[in-house]
Amino acid sequence: MQQPAQSSIPNRPLLVQTTDGLRVPGIANLHSHAFQRAMAGLAERQTHPEDSFWTWRETMYRFAARMTLDSTYAVARQLYVEMLEAGYTTVCEFHYLHYATDGRTYDNPAQMSQALIAAARDSGIRMTLLPVLYMTGGFDGRALSARQQRFGHDVDAFLRLMQALRAEENDLLRIGCAFHSLRAVPEAAMREVLAALPEQMPVHIHIAEQIGEVQDCLSLRGARPVEWLQQHFELSPRWTLVHATHLTAEEIHGIARSGATVAICPTTEANLGDGLFPLRDYLQAGGAWGIGSDSHISVSPVEELRWLEYGQRLATRHRNIAVTPDSPSVGETLLRGALASARQATGQDGSGDHLLLDAAAPIFAGVQPSDAVDRWIFSGNRSAVQSVYVGGRQVVANGRHARRDEIAAGYRAAMRGLLVD
Ligand code: NGQ
Ligand code: ZN
């Protein structure tokens, strides 16, 4: 295989042969709700003849209500080990379980956030923690339901939390800001928060994931969610729109022009029956995007990228959708796209983050360098990730996290407490 190219060459190979293996940049996971790792696979039974995203959400709320400080730490730490072993080196943690199980505030309101920060630190993953502002139960401004109480803040308390957490930033930890959704945050609150935070701080928001949400927004605000956001706020590269599944051509071009990133979460969007992101049109418009494992029914960048493409093939009955005129390889186009948005969406430079794939793995036998990424993404389910480095420090060797067994034992103990009824 060829020698590493100069880094000044813009289209340098993504995957570089070194003496230690095939080197690839670390991948950012742009959307995570860590606690949902503990319920993965436990929402796959019918609860209603018309099961949907909204009935799943009830199951998810019941589960969220059980999460304590200790179980949040144990589940997140296990999840982050799994992410690292799969090749994610940064996680954007979209965190809204702010309060104790009985809904009361902890003496230290940052305590749940700190459990997540500790889980990231103890696993060695880079984290952008996104404390979530959550104020209302719908577009009409209705109060939070009983199950949502645990997520809620007023603007002042939220800004105090942000301030406390920003004091903890370090080389591997950044704080960004999240609005849960347009359903959950009134316009005035969004403005107040944005005015109080640094201009460059990343802002993430769930948007236009479900048709019902688009319809409610249209009837109550007279515009579709992304359209409304474009009309009322200036989208820019600091914004990450999570899902943005249901878009018109105008919305697609508006996002692409703004430089905002869309965090696409293909396995979760499939699991929840959201619909398909209009990938081809968005790529043609030059839009920025990345991937997220969101509810963690899968923790694998390979699977997210693969299903991003496969969804399009199933829907269009064509092949090789994620390509551009100068990038005919689907795997390379996808991987390059996911990597390109990482810096702006996470607020981190990811320096010292990379993976080494096992060059001796059967999937790479006899393969030309130009086919190696496609082989990695579209060839089986045996992980080729051998070593993982975050901030220059090795955290995975021989495909195993250094603390895998100990952390899994902590997770098992936590699950025994969580799953008893
Ligand atoms: C969440 N998850 O906050 O965990 C959401 C569901 C909602 C996804 N959207 C709750 N995948 O959107 O209200
Ligand atoms: Zn989400």
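Both ligands and their constituent atoms are indexed starting at 1 by order of listing. FYI, side chains are in, hydrogens and waters are out, and symmetry mates aren't considered; it's all heavy atoms of this structure.
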J.: Test Tyr80 against every option in Arg37, Arg121, Glu93, His401 by the side chain to side chain contact (heavy atoms under 4.5 Å, CB included) rule and name the one that passes.
T.: Glu93
J.: Could you list all the salt bridge (Lys or Arg N to Asp or Glu O under 4.0 Å) pairs where at least one residue sits in residues 100-114, not counting sequence neighbours?
T.: Asp102-Arg104
J.: Out of the candidates Arg393, Arg343, Arg126, only one should pair with Asp353 under the salt bridge (Lys or Arg N to Asp or Glu O under 4.0 Å) rule; please name it.
T.: Arg126
J.: Taking the six-membered ring where the residue is Trp, are the ring centres of Tyr282 and Phe277 under 6.0 Å apart?
T.: yes
J.: Check for me: within less than 2.8 Å of the Zn ion (ligand 2), which protein N/O/S atoms show up?
T.: His31 NE2, His33 NE2, His206 NE2
J.: Below 3.5 Å, can you tabulate the donor-acceptor pairs from side chains in residues 69-76 to any protein atom, sequence neighbours excluded?
T.:
{"residue": "Ser71", "atom": "OG", "partner": "Thr68", "partner atom": "N", "Å": "2.9"}
{"residue": "Ser71", "atom": "OG", "partner": "Thr68", "partner atom": "O", "Å": "3.4"}
{"residue": "Ser71", "atom": "OG", "partner": "Thr68", "partner atom": "OG1", "Å": "3.0"}
{"residue": "Thr72", "atom": "OG1", "partner": "Thr68", "partner atom": "O", "Å": "2.7"}
{"residue": "Tyr73", "atom": "OH", "partner": "Arg77", "partner atom": "NH1", "Å": "3.3"}
{"residue": "Tyr73", "atom": "OH", "partner": "Asp122", "partner atom": "OD2", "Å": "2.6"}

J.: Any ion pair linking Glu85 and Arg400 (charged N to carboxylate O, less than 4.0 Å)?
T.: no
J.: Students should find this: residues with any non-hydrogen atom under 4.0 Å from ligand 1. What is the answer?
T.: His33, Gln36, Phe53, Trp56, Arg57, Met60, Tyr96, His180, Arg183, His206, Glu209, His243, Leu272, Asp294
J.: Please check if the distance between the ring centroids of Phe94 and Phe179 is under 6.0 Å.
T.: no
J.: When the ring centroid of Tyr310 is compared with that of Phe378, is the distance short of 6.0 Å?
T.: yes
J.: Looking only at the aromatic ring of each residue, does the gap between the centers of His204 and His31 stay below 6.0 angstrom?
T.: no
